[in-house]
Amino acid sequence: MAARLEAAEPGPKYRGLDRLPGQQISAVERRGKFLVLPLLRQGRHLEDLIIHLGMTGVLSAAPPERPQHLRVSLDLSPGGAPVILGEAQPDGDRLYFSDIRRFGRFLLTPAGDYRELPTLQAMGPEPLGPDFTPATLEAALARSNMALKTYLLSQKPVAGLGNIYVDEALWRAGLHPLEPALNADVAKLPALHQAIRDVLTESIAAQGTTLNDYRTVSGDGGSFQERLQVYGRSGQACRRCGSTIERLVIGGRSTHYCPRCQPLRSRRRR
DNA sequence: CGCATTTCCTGGTAGC
DNA sequence: TGCTACCAGGAAATGC
């Protein structure tokens, strides 16, 4: 299909979109939390359109319910009428990007070259793919003195983990979020590997975690929030041991854990 | 280089 | 009621 930029808010959040005219979106792929859309110009794959939804970004074929949050509108059919941002348009061959908090990003990059996106460039294996194994996890963690929480959020040991899922996986594996990665109990790493896979698989099956804004592409909320064991449960009883779930701020991120199920072996040197 | 901290951004909500 | 302050977080930018 053709991809013609109709309108986007100016500024650095949506870069290179003026090069979309004349290109075709040939596929929709994903690496971690980034969408990768290979573009064809006269049959040649020269650029990728990278999209990150951020916290509240939503792609849709139908106009967003709240037009004031429309940020980007692409006309996928030649000859479509122009769109003014902030005004919903009738259904058509369009792709809308709505984003309340403006954390989402669009970027055109040279095909397969992600040097402008350091997180994508350095991203670890897909969590549900064959390249993510207990051995690769152990090897990655051995390379960093960062707190487990921080390092898992970096996308380097494994792709795709966000704040909620790191907390849940560490609880399942019995690892303290402040534990330096290289000091983590190696005997627990197979459990961490499995916990990461299980948490993500279960959440996907539950259509995700809807705390506030998250909706599936069909507009429904997910239900994994009903199965969270630590995230958002500070002050409540651990469902495994009955201790009180605690909350910390690590790397500026709210972190929830059970002090009894997740003992800290060593403090980080500083 | 490695790691910590700050920044971006809006809506919801607590507190007064 | 209406106002201010604060919180939520993925990744980049900035600081040390």
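Naming convention: chains lettered A, B, ... in sequence-line order (proteins, then strands); numbering from 1 in each chain. Computed over heavy atoms, backbone and side chain alike; hydrogens, waters and symmetry mates excluded.
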State which of [options] makes the closest approach to the side chain of [X].
{"X": "Ile100(A)", "options": "dG11(B), dA4(B), dA8(C)", "value": "dG11(B)"}
{"X": "Lys33(A)", "options": "dC9(B), dG10(C), dG9(C)", "value": "dG10(C)"}
{"X": "Phe103(A)", "options": "dA11(C), dC9(B), dC3(B)", "value": "dC9(B)"}

Return whichever of Arg253(A) or Ser144(A) has its heavy-atom-nearest nucleotide of DNA chain B closer to the 5' end.
Ser144(A)
Is the shortest distance from a Lys or Arg side-chain nitrogen in Glu168(A) or Arg227(A) to a carboxylate oxygen in the other one below 4.0 Å?
no
So, Glu179(A) and Lys188(A), do they make that salt bridge, N to O below 4.0 Å?
no
Is any side-chain nitrogen or oxygen of [X] closer than 4.0 Å to OP1 or OP2 of [N]?
{"X": "Tyr231(A)", "N": "dG9(C)", "value": "yes"}
{"X": "Arg247(A)", "N": "dA8(C)", "value": "yes"}
{"X": "Gln155(A)", "N": "dG10(C)", "value": "no"}
{"X": "Arg102(A)", "N": "dC8(B)", "value": "no"}
{"X": "His69(A)", "N": "dT10(B)", "value": "no"}

How are the rings of Phe97(A) and Tyr14(A) set relative to one another: parallel (under 30°), tilted (30 to 60°) or perpendicular (over 60°)?
perpendicular
Students often mix this up, so state it plainly: with edges at 30° and 60°, are the rings of His176(A) and Tyr257(A) parallel, tilted or perpendicular?
tilted
Nearest-angstrom distance from the residue atom [atom1] of [X] to [atom2] of [N]:
{"X": "Arg31(A)", "N": "dG10(C)", "atom1": "CZ", "atom2": "P", "result": "17 Å"}
{"X": "Leu248(A)", "N": "dG9(C)", "atom1": "CG", "atom2": "P", "result": "13 Å"}
{"X": "Arg143(A)", "N": "dC1(B)", "atom1": "CZ", "atom2": "P", "result": "16 Å"}
{"X": "Asn145(A)", "N": "dC1(B)", "atom1": "CG", "atom2": "P", "result": "19 Å"}
{"X": "Ile250(A)", "N": "dA8(C)", "atom1": "CD1", "atom2": "P", "result": "13 Å"}
{"X": "Tyr14(A)", "N": "dA11(C)", "atom1": "OH", "atom2": "C1'", "result": "15 Å"}
{"X": "Arg71(A)", "N": "dC9(B)", "atom1": "CZ", "atom2": "C1'", "result": "9 Å"}
{"X": "Asp99(A)", "N": "dA8(C)", "atom1": "CG", "atom2": "P", "result": "19 Å"}

Residues two or more places apart in sequence or in another chain: which of them pass side chain to side chain donor-acceptor pair (under 3.5 Å) with Ser254(A)?
Arg247(A), His256(A)
What are the atom names and distances for every N/O pair under 3.5 Å that joins the protein to nucleotides 12-16 of chain C?
{"unit_1": "dA12(C)", "atom_1": "OP2", "unit_2": "Thr119(A)", "atom_2": "N", "d": "3.3"}
{"unit_1": "dA12(C)", "atom_1": "OP2", "unit_2": "Thr119(A)", "atom_2": "OG1", "d": "2.2"}

Reckon Ser154(A) touches a base, only the sugar-phosphate, or nothing at all at heavy-atom distances under 4.0 Å?
nothing
When you compare the side chains of Asn163(A) and Tyr231(A), does any donor N or O come within less than 3.5 Å of an acceptor on the partner?
no
What about Arg105(A), does its side chain sit under 3.5 Å from the base of dG10(C) through a donor-acceptor pair?
no
Closest non-hydrogen atom pair between Pro177(A) and Leu170(A), with its separation
CA-CD1, 3.8 Å
Do any N or O atoms from the side chain of Asp185(A) and from the backbone of Ala187(A) form a donor-acceptor pair under 3.5 angstrom?
yes
